[in-house]
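Only a predicted model underlies this, so the values are computations on that prediction, with no experimental measurement involved.
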Amino acid sequence: MSAFAHSIELVQAVAAAADEVKAHDTVAIDVSEPLGITDAFVITSGSSDRQVIAIADEIEKKLAMEYSTKPRSREGNAEGMWILLDYGDIVVHVMHDYARAFYDIERLWRDCPQIDTGITN
């Protein structure tokens with residue numbers, strides 16, 4: 001099983017929104033096979049706490065405007081080191097550079113295929 005077309009469309013919208021506010025190293029991973037509870041993870045980075053919050057805000061705004069969807073939950077907003085946006089079909093990880101290097105969640109999912117985000121990093 002692979003990610004649904006709608007999930008891939010959301011992944012690409014998330015990547016575009018993140019890119020608009022200068023996020024970097026955006027990747028998307030198809031986790032539908034091993035997890036079954038979500039189709040994809042999107043991981044992107046910001047270089048400061050403020051930028052991490054701005055990236056998450058822009059993603060929320062874009063998905064609300066273009067897809068009329070809001071996250072089921074938003075975690076980590078107070079710290080600004082790692083904000084998780086759970087949209088059900090996709091989960092977005094907006095991470096500070098330091099947190100991303102420390103947790104290295106891409107390594108945990110390295111056996112899963114990547115999804116084309118439609119942007120160049």
Side-chain angles (χ1 to χ4, degrees):
M1 181 164 71
S2 62
F4 290 106
H6 179 69
S7 298
I8 293 170
E9 188 177 336
L10 289 177
V11 161
Q12 292 174 339
V14 165
D19 190 54
E20 287 175 19
V21 287
K22 307 296 185 220
H24 57 89
D25 299 326
T26 302
V27 297
I29 303 167
D30 182 339
V31 295
S32 60
E33 182 74 27
L35 286 184
I37 59 171
T38 191
D39 282 345
F41 286 165
V42 179
I43 307 160
T44 193
S45 295
S47 56
S48 70
D49 299 354
R50 288 179 132 184
Q51 187 183 21
V52 168
I53 293 167
I55 293 165
D57 289 347
E58 184 64 25
I59 291 167
E60 269 194 75
K61 183 175 118 185
K62 182 170 186 132
L63 291 187
M65 289 176 56
E66 293 183 11
Y67 295 91
S68 300
T69 188
K70 294 183 179 185
R72 293 178 178 178
S73 67
R74 178 176 172 145
E75 305 293 331
N77 198 47
E79 299 84 20
M81 291 297 285
W82 182 351
I83 298 177
L84 184 136
L85 302 170
D86 181 356
Y87 284 93
D89 292 336
I90 66 168
V91 176
V92 181
H93 302 268
V94 183
M95 305 178 81
H96 192 289
D97 292 330
Y98 297 121
R100 187 164 178 180
F102 181 79
Y103 290 104
D104 195 14
I105 59 178
E106 289 105 319
R107 181 183 55 79
L108 297 173
W109 301 101
R110 69 177 172 251
D111 293 336
C112 296
Q114 288 201 0
I115 298 170
D116 181 16
T117 61
I119 62 164
T120 56
N121 288 310

> T26 side chain to A15 main-chain N or O, any donor-acceptor pair under 3.5 Å?
Replying inline: no
> Is it true that R74 and E60 make a salt bridge, defined as a side-chain N closer than 4.0 Å to a carboxylate O?
Replying inline: yes
>> Would you call the rings of F41 and W109 parallel, tilted or perpendicular, taking 30° and 60° as the class edges?
In response: perpendicular
>> I need the minimum non-hydrogen distance between L85 and A56, along with the two atoms involved.
In response: CD1-O, 3.9 Å
>> Quick check against the 3.5 Å criterion: does Q51 have a side-chain atom that pairs as donor or acceptor with the backbone of V21?
In response: yes
> Which pair of non-hydrogen atoms, one from I29 and one from C112, has the smallest distance, and what is that distance?
Replying inline: CG2-CB, 3.5 Å
> So, the side chain of E58 versus the backbone of D19: is there a donor-acceptor pair under 3.5 Å, distance only?
Replying inline: no
> Can you tell me how far CD1 of I43 sits from OG1 of T117, rounded to the nearest 0.5 angstrom?
Replying inline: 12.0 Å
> Between D97 and H24, does any side-chain donor sit less than 3.5 Å from a side-chain acceptor?
Replying inline: yes
>> Quick one, I59 with V92, criterion side chain to side chain contact (heavy atoms under 4.5 Å, CB included). Give me CA distance, side-chain angles, the key distance, then yes/no.
In response: CA-CA 9 Å; I59 291 167; V92 181; 3.9 Å; yes
> Do H96 and Y98 make the cut of ring centroids closer than 6.0 angstrom?
Replying inline: yes
>> For L84 versus H93, what's the shortest heavy-atom pair and its separation?
In response: CD1-CE1, 3.4 Å
>> Would the distance check show the side chain of R100 and the main-chain N or O of D25 forming a donor-acceptor pair, the cut-off being under 3.5 Å?
In response: yes
>> With a 3.5 Å distance limit and no angle check, can you tell me whether E9 reaches the backbone of A5 through a side-chain donor-acceptor pair?
In response: no
